Amino acid sequence: MPTSLLTLNDGTKAPWIAFGTGTALYSKDAQQSVIIAIQNGFTHLDGAQQYQNEDSLGAGIAASGKPRSELYITTKLGNLQPGDTPKSAIEESLRKLGIDYVDLYLIHHALPNVGRLKDLWIGMEEAKNAGLTKSIGVSNFTADHLNEILEVATISPAVNQLEVHPYVWKALQPTLSLHEKYNIVTSSYGGLSPLVRGRGGPLDPLVERIRVRLEHARGSTVSEGQVLHKYFQQKGILVVTTSAKVERVQEYLDTENVPELTPDEIKDIETAGAKLHKRFFPRNWPPE
Ligand SMILES: NC(=O)c1ccc[n+]([C@@H]2O[C@H](COP(=O)([O-])OP(=O)(O)OC[C@H]3O[C@@H](n4cnc5c(N)ncnc54)[C@H](OP(=O)(O)O)[C@@H]3O)[C@@H](O)[C@H]2O)c1
């Protein structure tokens, strides 16, 4: 089944689930993992300058044999070296990736750039206007950070990629309201955290109950991870995940075939999530 697409506020479309080359692959050779991801059906690859592996992401893309036009490639602006701009930095990324444009270019972090977010955003617009990226967006931006760049933006950010899962859902409400107002797609990293990094919370029994119901409805296996990924998909959230295992790569993509959660189940996940506030990537967010 082809991966379903999300429409961004600039009219482009992005596959709703992406294979990431950070976290487990941070600063490591990503080539083999990327080949496996693409050969099993991932078309959206999420990289970053900071991951120090754009060259091996590019090598994996080339070795996969998949035409560039059938792939959606994201990279992120890291710490700018003196004299560099978002445009010169993406030129270097494109050289490493071995391609002549990316689909999505994000400012990776707001916190180290407070005081110069407006300038950076103007630079992101320059990169887009030069045809080096189809879309531009941000990552780890609070509502305040977004409001700051919106003061100068002639192009609204298309995506904000941040830690999103039920244990931060309530705290994210001011940011998510702004996403709604400007039609910014919410992208989730660390989405499986309640299951893989923070077991023992109020979601555990609920996710298991929903998993069992979906498995009966489907007549074949449904995993707990698929319950959370299906929840994100139904909310219109772009999921960025990763795995070192072929079976898990296949499981992630198979989420498309899992039956939908009911509106009550979606509400129950948010109610249970609101009982515990927990961030698993706290350094990417202002102190709370
Ligand atoms: N913008 C940012 O600042 C930022 C920050 C963090 C991440 N990201 C992006 O998001 C991508 C994904 O990040 P993430 O690792 O946080 O994604 P995630 O989807 O929350 O977690 C994926 C990890 O969960 C493990 N996993 C999945 N199902 C499991 C199960 N049933 N039991 C045990 N472990 C299980 C996988 O391990 P296995 O390998 O064993 O399958 C994999 O390492 C990164 O690669 C990066 O591209 C961006």
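From a predicted model like this one, the values you see are computed outputs, not experimental measurements. Just follow the structure's listing: the first ligand is 1, and inside any ligand the first atom is 1.
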Region of [X] that comes within reach of ligand 1 [heavy atoms, distance under 4.0 Å]:
X: Thr21; value: backbone
X: Leu25; value: neither
X: Asp46; value: both

What protein heavy atom lies closest to [atom]? Include the residue and the distance to one decimal.
atom: atom 24 (O) of ligand 1; result: Val196 CG2, 3.8 Å
atom: atom 46 (C) of ligand 1; result: Tyr51 OH, 3.3 Å
atom: atom 22 (C) of ligand 1; result: Thr242 O, 3.4 Å
atom: atom 11 (C) of ligand 1; result: Val240 CG1, 3.6 Å
atom: atom 44 (C) of ligand 1; result: Thr23 OG1, 3.3 Å
atom: atom 41 (O) of ligand 1; result: Ser243 OG, 2.5 Å
atom: atom 40 (O) of ligand 1; result: Lys245 NZ, 2.5 Å

Salt bridge [X]-[Y], side-chain N to carboxylate O under 4.0 Å:
X: Arg68; Y: Asp103; value: yes
X: Lys128; Y: Glu125; value: no
X: Glu91; Y: Lys87; value: yes
X: Glu265; Y: Lys230; value: no
X: Glu270; Y: Lys267; value: no

Please check whether [X] reaches ligand 1 - meaning an N/O of the residue sits under 3.5 Å from an N/O of the ligand, judged on distance alone.
X: Thr241; answer: yes
X: Ala244; answer: yes
X: His109; answer: no

Number the atoms of ligand 1 from 1 as they appear, then name those within less than 4.0 Å of a heavy atom of [X], with their elements.
X: His108; answer: 1 (N), 2 (C), 3 (O)
X: Asn140; answer: 1 (N), 2 (C), 3 (O)
X: Asn284; answer: 3 (O)
X: Gly191; answer: 20 (O)
X: Gly22; answer: 44 (C), 45 (O), 46 (C), 47 (O)
X: Phe281; answer: 6 (C), 16 (O)

Using modelled atom types only, decide if a donor and an acceptor are shared between the side chain of Asp268 and the backbone of Leu206 within a distance under 3.5 Å.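 Looks like no, no N/O pair under 3.5 Å.
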Can you tell me if His216 uses its side chain to pair, donor with acceptor, with the backbone of Arg213 under 3.5 Å?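 No; zero donor-acceptor contacts below 3.5 Å.
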Who gets closest to [atom] by heavy atom: [options]?
atom: atom 16 (O) of ligand 1; options: Gln226, Glu163, Arg197; value: Arg197
atom: atom 32 (N) of ligand 1; options: Arg248, Gln50, Gln161; value: Arg248
atom: atom 2 (C) of ligand 1; options: Phe232, Phe19, Tyr189; value: Tyr189

Ligand 1 contact by [X], heavy-atom criterion under 4.0 angstrom:
X: Tyr252; answer: yes
X: Ser139; answer: yes
X: His165; answer: no

Can you classify the ring geometry of His229 versus Phe232 as parallel (below 30°), tilted (30 to 60°) or perpendicular (above 60°)? tilted
Looking at Thr255, Leu214, Leu195, which one forms a side chain to side chain contact (heavy atoms under 4.5 Å, CB included) with Val227?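 Among Thr255, Leu214, Leu195, the one that satisfies the side chain to side chain contact (heavy atoms under 4.5 Å, CB included) with Val227 is Leu214.
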Taking Tyr231 as the fixed residue, which of Val239, Ile210, Ile266 is the one that meets the side chain to side chain contact (heavy atoms under 4.5 Å, CB included) rule?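 Passing option: Ile266.
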Is a side-chain donor-acceptor pair under 3.5 Å present for [Y] with [X]?
X: Asp264; Y: Thr262; answer: no
X: Glu126; Y: Thr85; answer: no
X: Glu256; Y: Gln233; answer: yes

Flag the pair His108 / Tyr51 as yes when their ring centroid distance falls below 6.0 Å, and as no otherwise. yes
Indicate if Val185 and Leu5 have the same hydrophobic cluster label, given that clusters are the connected sets of ILVMFWY residues with side-chain heavy-atom separations under 4.5 angstrom.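 Result: no, two separate clusters.
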